[in-house]
Number of protein chains: 2
Amino acid sequence: MAKLSGDDMQQKIMEAAQTLFLEKGYMATSTVDIAKKVGCNQALVHYYFRTKQNLFKQIYLQYVNALMQLGKKNIEQCTSVVDLVHEIIHLYFTFFSQYPNVPYFFVNELIVSSEHRKMVQECFIDNQMRIMLFNQLTQLIRNDIAAGKIRDVNPYALIQNIVSLVLTSFLALPLYNDFISSDEADKQAYLHRREQECEDIILCSLKV
Amino acid sequence: MAKLSGDDMQQKIMEAAQTLFLEKGYMATSTVDIAKKVGCNQALVHYYFRTKQNLFKQIYLQYVNALMQLGKKNIEQCTSVVDLVHEIIHLYFTFFSQYPNVPYFFVNELIVSSEHRKMVQECFIDNQMRIMLFNQLTQLIRNDIAAGKIRDVNPYALIQNIVSLVLTSFLALPLYNDFISSDEADKQAYLHRREQECEDIILCSLKV
DNA sequence: CTTTAATTTAATAGGGTTATTAAATAAGTA
DNA sequence: TACTTATTTAATAACCCTATTAAATTAAAG
């Protein structure tokens, strides 16, 4: 393989790993697969990242970060819960439409592997941003409840409901593909419909 | 190992495999693991089931069936959508509380493996019962809409929303365990809360 | 142009995996 | 009891996996 400046190769390996981890999950992806995709020797993957777990960690945390930033930008601009729900659902759908495997990736790795869960936990717990975001959301909810704009809801439950509905819309994509239609346009239409449905159902649950 | 009458051994292997597949998923479970759990030779697993995939299939279809039966019994007894929503959510929560890994098992295998998806597809497509159940649900919805008892909803969307909210309540259990509380009573309380929340949110979305 | 450091490779150790074999053991039957 | 069939085992073939090694190659610096 033509030698690249080290950073380039590292980058290429990460990208290939990303694609494969997203497609098949951690377990089903081998460092040999990754090297094959890049077109380099398998030992090179270990040269740059030492272990497979390490390589995974870097990729995983990138996504955790990207999603956090998404939430952050969003919550700072919204002044009402209804607004926030609309924006956050739209943002998630836009993001995940670009990377439709990310939801599966997250669900799978968070649920299947206590090790991976710990990884995320480490970067979340005592994480200033997480606490800040949650507090801002709580405050926003309290204000709207006091103003009689929404009914009394638990912030955790609200988050869980939104995340559930959004994630499963994407988790169901392979099923939609196999059972209903494999036409790309149909899948796009399905996602648009789901975005509306998710928003509707959450907003319904907030009505006084 | 003391020799058992063949059926007993087959049964024991299936049960061990079930436990392990549910706990760790298909990929992470080896036939060696299964044999170890049973306390028999690994070749015996292959003697009875020939391949690991085969063993998995039998277990998987058992659950598909169990969940179908659950739905069937339920839909036949309900006369209104609101009734049905209440009953089905309760039934799912009761069932999954007994087997809290089943939701993960399903989601994971359906999403990760197109082969496993095909397996389910084969037993679903052209499946009389599935069609019947869906038709009954559609009829029930139509009646209630006509009677002004619920607003116009798409049956598919309703099903997806219910399944989403229920499944993710269980998918989130490991997270709840690690991030919030590992106390068994707390987890039970969480599930009870979720059951109520799922019902509430769905019923809200049905209000005229 | 040579030395040095970074990159890449081939080779391999030390695991683990599924699946198949033939041989051993037990149970059932005539 | 002797033959037959069903179970169970040990052994092993034929893979794939991660990670490490030392050697080869290339790029950069003096």
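What you see is a predicted model; the values in this text were computed from it and never measured. Here is how names work: the chains are called A, B, and so on, in the same order as the sequence lines, proteins then strands, and each is numbered from 1.
For B/Tyr92, the ring pair (Phe, Tyr, Trp, His ring centres under 6.0 Å) partners two or more places apart in sequence, or in a different chain, are B/Phe96. For B/Gln139, the side chain to side chain donor-acceptor pair (under 3.5 Å) test picks out B/Arg142, B/Asn143, with sequence neighbours left out. Taking B/Arg193 as the reference, B/Tyr176, B/Tyr190, B/Glu197 meet the side-chain contact (heavy atoms from CB on, under 4.5 Å) condition, with sequence neighbours excluded. Residues passing the side chain to side chain donor-acceptor pair (under 3.5 Å) test with A/Tyr60, sequence neighbours excluded: none.
Atom CD of B/Gln10 and atom P of D/dA6 are 14 Å apart (whole Å). Atom P of nucleotide C/dT21 and atom CG of B/Asn41 are separated by 16 Å, given to the nearest angstrom. Look at NZ on B/Lys36: it is 10 Å from C1' on C/dG16, rounded to the nearest Å. Whole-Å rounding puts the A/Arg50 CZ to D/dT21 P distance at 12 Å. Note: CZ (A/Phe49) to P (C/dT8) measures 12 Å, nearest angstrom. The CG atom of B/Asp8 sits 17 Å away from the P atom of D/dA6 (whole-angstrom rounding). For the pair A/Leu44 CG and D/dT26 C1', the computed distance is 13 Å after rounding to whole Å.
Within the structure, every pair that satisfies the side-chain hydrogen bond (donor to acceptor under 3.5 Å, both in side chains) test and touches residues 70-86 of chain B, not counting sequence neighbours, is listed here: B/His86-B/Glu199.
In terms of phosphate contacts, B/Tyr47 brings a side-chain nitrogen or oxygen within less than 4.0 Å of OP1 or OP2 of D/dT7.
Looking at A/Asn161 and B/Arg194, their side chains do bring a donor and an acceptor atom within 3.5 Å of each other.
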Between protein and nucleotides 13-18 of chain D, what N or O pairs are separated by less than 3.5 Å?
residue : atom : partner : partner atom : Å
D/dC17  : OP1  : A/Ser30 : OG           : 3.3
D/dT18  : OP1  : A/Thr31 : N            : 3.4
D/dT18  : OP1  : A/Lys52 : NZ           : 3.2
D/dT18  : OP2  : A/Thr31 : N            : 2.8
D/dT18  : OP2  : A/Thr31 : OG1          : 2.8

